[in-house]
Amino acid sequence: MSRVITSLANAAVKQVRALHLRKAREETGLFLVEGLRSVLEGVELGARPRLVLYGGKLADHAGLARAADAADDVAEVSPAILAKISRRDNPQMVLGVFDQASTPLDGLADGVLVGLEGVRDPGNLGTIIRTIDAAGGAGLILIGATCDPYSVEAVRATMGSIFAVPVATVTQDQFLAWRATWPGRLIGTSLAARADFHGAGYQPPCLILLGAEQSGLTPALADVCDDLVKIPMRGRADSLNLAVAAGVMLYAAV
């Protein structure tokens with residue numbers, strides 16, 4: 001039987017609420033997952049929840065039982081606690097706390113990889129992770145100062161794909177050292193490029209590299225690309241959302 005938590009002052013509730021802060025996530029190595037579907041995605045891919053919190057209305061749900069069986073700890077909580085933790089008026093009825101996973105560059109599989117330099121928007125980052133999963137991409141490399149893939153906003157946007165996509169987080173120097181010996185093709189995006197993205201050589205292993213939402217790739221990374229390409233703008237808009245651009249490139253490559 002799970003225990004029942006009714007107080008916002010409970011130590012476990014405070015710890016879970018703190019996972020909205022990057023400092024707390026870095027100190028504990030934990031992250032928060034919202035929703036039964038996403039929690040089960042983690043369980044089915046071999047991740048063990050440290051804690052599962054749920055609203056009483058789901059007490060007899062078969063999916064909740066599977067999540068609870070896999071968890072180290074389970075607790076029923078009030079709707080007020082779920083809302084406080086999620087910071088939403090209509091929170092998910094199941095929350096899970098998991099260990100973060102770290103993938104080294106050399107641990108990424110061959111195939112089509114995506115690299116992001118300096119991405120700042122967690123919604124874009126989460127959507128890109130979801131898109132890599134949907135397209136069958138091999139993984140993601142985050143380069144330099146980026147937003148946290150384990151932030152609540154980013155994880156929410158992945159809709160469970162955070163468990164399916166290997167993510168390596170590196171400095172620019174680490175990436176450049178790896179790139180010097182990596183045998184695949186590096187295809188970068190640039191508004192100044194002359195080549196259309198359709199014509200790039202996407203034969204795996206390859207890496208699609210995109211820069212920050214506002215500034216694009218830095219010269220240091222643009223210089224080590226085998227090809228620089230652009231996605232044509234045929235209407236009045238002069239650029240695409242980063243997540244949309246990543247999706248267009250991915251589906252050209254897979």
Side-chain angles (χ1 to χ4, degrees), residues 103 105-147 149 154 157-158 161 164-254:
T103 301
L105 283 171
D106 291 340
L108 295 170
D110 290 337
V112 178
L113 297 166
V114 174
L116 300 176
E117 183 187 23
V119 59
R120 298 291 188 178
D121 187 301
N124 277 341
L125 176 53
T127 301
I128 291 169
I129 291 172
R130 178 72 172 168
T131 306
I132 294 170
D133 185 15
L140 172 66
I141 303 173
L142 297 177
I143 306 161
T146 72
C147 57
T158 73
S161 292
V165 176
V167 179
T169 302
V170 296
T171 65
Q172 187 182 90
D173 287 344
Q174 289 170 329
F175 176 79
L176 291 173
W178 172 81
R179 196 280 176 266
T181 60
W182 184 64
R185 291 188 63 77
L186 183 53
I187 302 164
T189 58
S190 171
L191 290 176
R194 295 186 177 183
D196 187 285
F197 78 102
H198 286 105
Y202 293 109
Q203 295 81 7
C206 73
L207 171 64
I208 297 167
L209 186 60
L210 301 99
E213 288 92 338
Q214 299 297 324
S215 55
L217 290 175
T218 59
L221 291 195
D223 286 347
V224 297
C225 290
D226 295 300
D227 294 299
L228 286 175
V229 300
K230 65 180 178 181
I231 301 171
M233 301 293 110
R234 306 195 193 284
R236 289 182 58 83
D238 59 4
S239 64
L240 288 175
N241 170 273
L242 181 65
V244 174
V248 170
M249 295 286 291
L250 262 170
Y251 275 94
V254 297

Minimum heavy-atom separation for L142 to C147, with atom names?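 Taking L142 first and C147 second, the nearest heavy atoms are CD1-O, 4.4 Å.
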Shortest non-hydrogen contact from G184 to D226?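 Shortest heavy-atom separation between G184 and D226 comes out as O-OD2, 3.9 Å.
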So, do [X] and [Y] sit near enough that their side-chain heavy atoms are less than 4.5 Å apart?
{"X": "E117", "Y": "Q172", "answer": "yes"}
{"X": "I129", "Y": "S161", "answer": "yes"}
{"X": "L240", "Y": "M233", "answer": "yes"}
{"X": "L221", "Y": "L176", "answer": "yes"}
{"X": "T103", "Y": "V167", "answer": "no"}

Quick one: do L210 and L242 satisfy side-chain contact (heavy atoms from CB on, under 4.5 Å)? Show the steps, please. CA-CA 8 Å; L210 301 99; L242 181 65; 3.9 Å; yes
Look at the rings of W178 and F175 and say which category their plane angle falls in: under 30° parallel, 30 to 60° tilted, over 60° perpendicular.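 Because their plane-to-plane angle lies in the 30° to 60° range, the rings of W178 and F175 count as tilted.
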Roughly how far, to the nearest 0.5 Å, is CG of D133 from CG of L140?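 The CG atom of D133 is 12.0 Å from CG of L140, to the nearest 0.5 Å.
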I141 side, atom CD1; W182 side, atom CH2 - distance, nearest 0.5 Å: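 Nearest 0.5 Å value for the CD1-CH2 distance: 7.5 Å.
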Test side-chain contact (heavy atoms from CB on, under 4.5 Å) applied to L116 and L125, step by step: CA-CA 9 Å; L116 300 176; L125 176 53; 3.8 Å; yes
With side-chain contact (heavy atoms from CB on, under 4.5 Å) as the test, would you mind laying out the steps for Y202 and I187 before giving the verdict? CA-CA 8 Å; Y202 293 109; I187 302 164; 3.5 Å; yes
Checking side-chain contact (heavy atoms from CB on, under 4.5 Å) for the pair L207/R179: CA distance, chi angles, key distance, verdict? CA-CA 10 Å; L207 171 64; R179 196 280 176 266; over 6 Å; no
